[in-house]
Amino acid sequence: MIRHILLIKFKAEVSDANIQQARQNFLDIPNKIEGVLEVEWGRNDSPEALNKNYQYSVIMTFADEAARQHYLPHPEHERLKHHFVPLLEDIIVFDFTL
């Protein structure tokens, strides 16, 4: 399995409604793309204040490398990015194999 982690910093002007729509778009991905086993979405609530202003995270679990390679160019992933990327001030993407 592969974990795909996004650390997200939204632009200051992004509305809560846009963030909630982005969240739902991510949570819908396992129903749309084979090999995406799970998507988790969370808002930072660490008391340590070490998040460098990154507010949200997404953790996706892919079945294997083939699933990740299927996801990356998939039309549903492209649709997600089309709506999501304009909301971003910054993002960190980090993958690792379990």
Next item on the list: Please work out which of the three classes, parallel, tilted or perpendicular, describes the rings of Y56 and W41, given edges at 30° and 60°.
Entry: tilted

Note to self: Test of understanding: clusters of I, L, V, M, F, W, Y form through side-chain heavy atoms closer than 4.5 Å, transitively. Do V14 and Y54 belong to the same one?
What the structure shows: no

Check: With hydrophobic residues grouped by side-chain heavy-atom distances under 4.5 Å, do V85 and I92 end up in a single group?
Finding: no

Check: Should R68 and D95 count as an ion pair when the cut-off is N to O under 4.0 Å?
Finding: yes

Item checked: Closest non-hydrogen atom pair between G35 and A67, with its separation -> O-CB, 3.4 Å

Checklist line | Stepwise side-chain contact (heavy atoms from CB on, under 4.5 Å) test for L6 and F94 | finding: CA-CA 7 Å; L6 311 176; F94 189 93; over 6 Å; no

Notebook entry, point to check: Going by the angle between their ring planes, with limits at 30° and 60°, are Y71 and F62 parallel, tilted or perpendicular?
Noted result: tilted

Checklist line | Full working for side-chain contact (heavy atoms from CB on, under 4.5 Å) between I19 and F10 | finding: CA-CA 8 Å; I19 292 171; F10 287 108; 3.9 Å; yes

Notebook entry, point to check: Measuring from I91:CD1 to S57:OG, what's the distance to the nearest 0.5 Å?
Noted result: 10.5 Å

Checklist line | NE2-NZ distance between H74 and K32, expressed to the nearest 0.5 angstrom | finding: 10.0 Å

Checklist line | Side-chain heavy atoms of V58 within contact of I5, under 4.5 Å | finding: no

Next item on the list: Apply side chain to side chain donor-acceptor pair (under 3.5 Å) to D16 and Q20, showing your working.
Entry: CA-CA 6 Å; D16 287 341; Q20 288 308 310; over 6 Å; no

Check: Given the rule in the side-chain contact (heavy atoms from CB on, under 4.5 Å) test, do N25 and F84 qualify, once you have shown the distances and angles that lead to the verdict?
Finding: CA-CA 9 Å; N25 291 345; F84 179 64; over 6 Å; no

Checklist line | Partner of R79 by side chain to side chain donor-acceptor pair (under 3.5 Å), out of H83, H82, E76 | finding: E76

Checklist line | Validation row: I59, H4 side chains within 4.5 angstrom (heavy atoms) | finding: no

Check: Looking only at heavy atoms, what is the nearest atom pair of L72 and E78, with distance?
Finding: O-OE2, 3.6 Å

Notebook entry, point to check: Is there side-chain contact between K9 and L88, with at least one heavy-atom pair below 4.5 Å?
Noted result: no

Next item on the list: Measure the CE-CZ distance between M60 and R3 for me, rounded to the nearest 0.5 Å.
Entry: 12.0 Å

Check: Around atom CD of E65, are there more than 12 heavy atoms of other residues, nucleotides or ligands at under 6.0 Å?
Finding: yes

Notebook entry, point to check: Quick check: does any side chain N or O of K11 sit under 3.5 Å from a backbone N or O of P86, one acting as donor and the other as acceptor?
Noted result: yes

Notebook entry, point to check: Taking all atoms of both residues into account, what is the closest heavy-atom pair of P30 and V36, and its distance?
Noted result: CB-O, 3.5 Å

Notebook entry, point to check: Hey, what do you get for CD1 (I8) to CG (N53), rounding to the nearest 0.5 Å?
Noted result: 14.5 Å

Check: Given the rule in the side-chain contact (heavy atoms from CB on, under 4.5 Å) test, do M1 and D64 qualify, once you have shown the distances and angles that lead to the verdict?
Finding: CA-CA 5 Å; M1 289 192 301; D64 52 25; over 6 Å; no

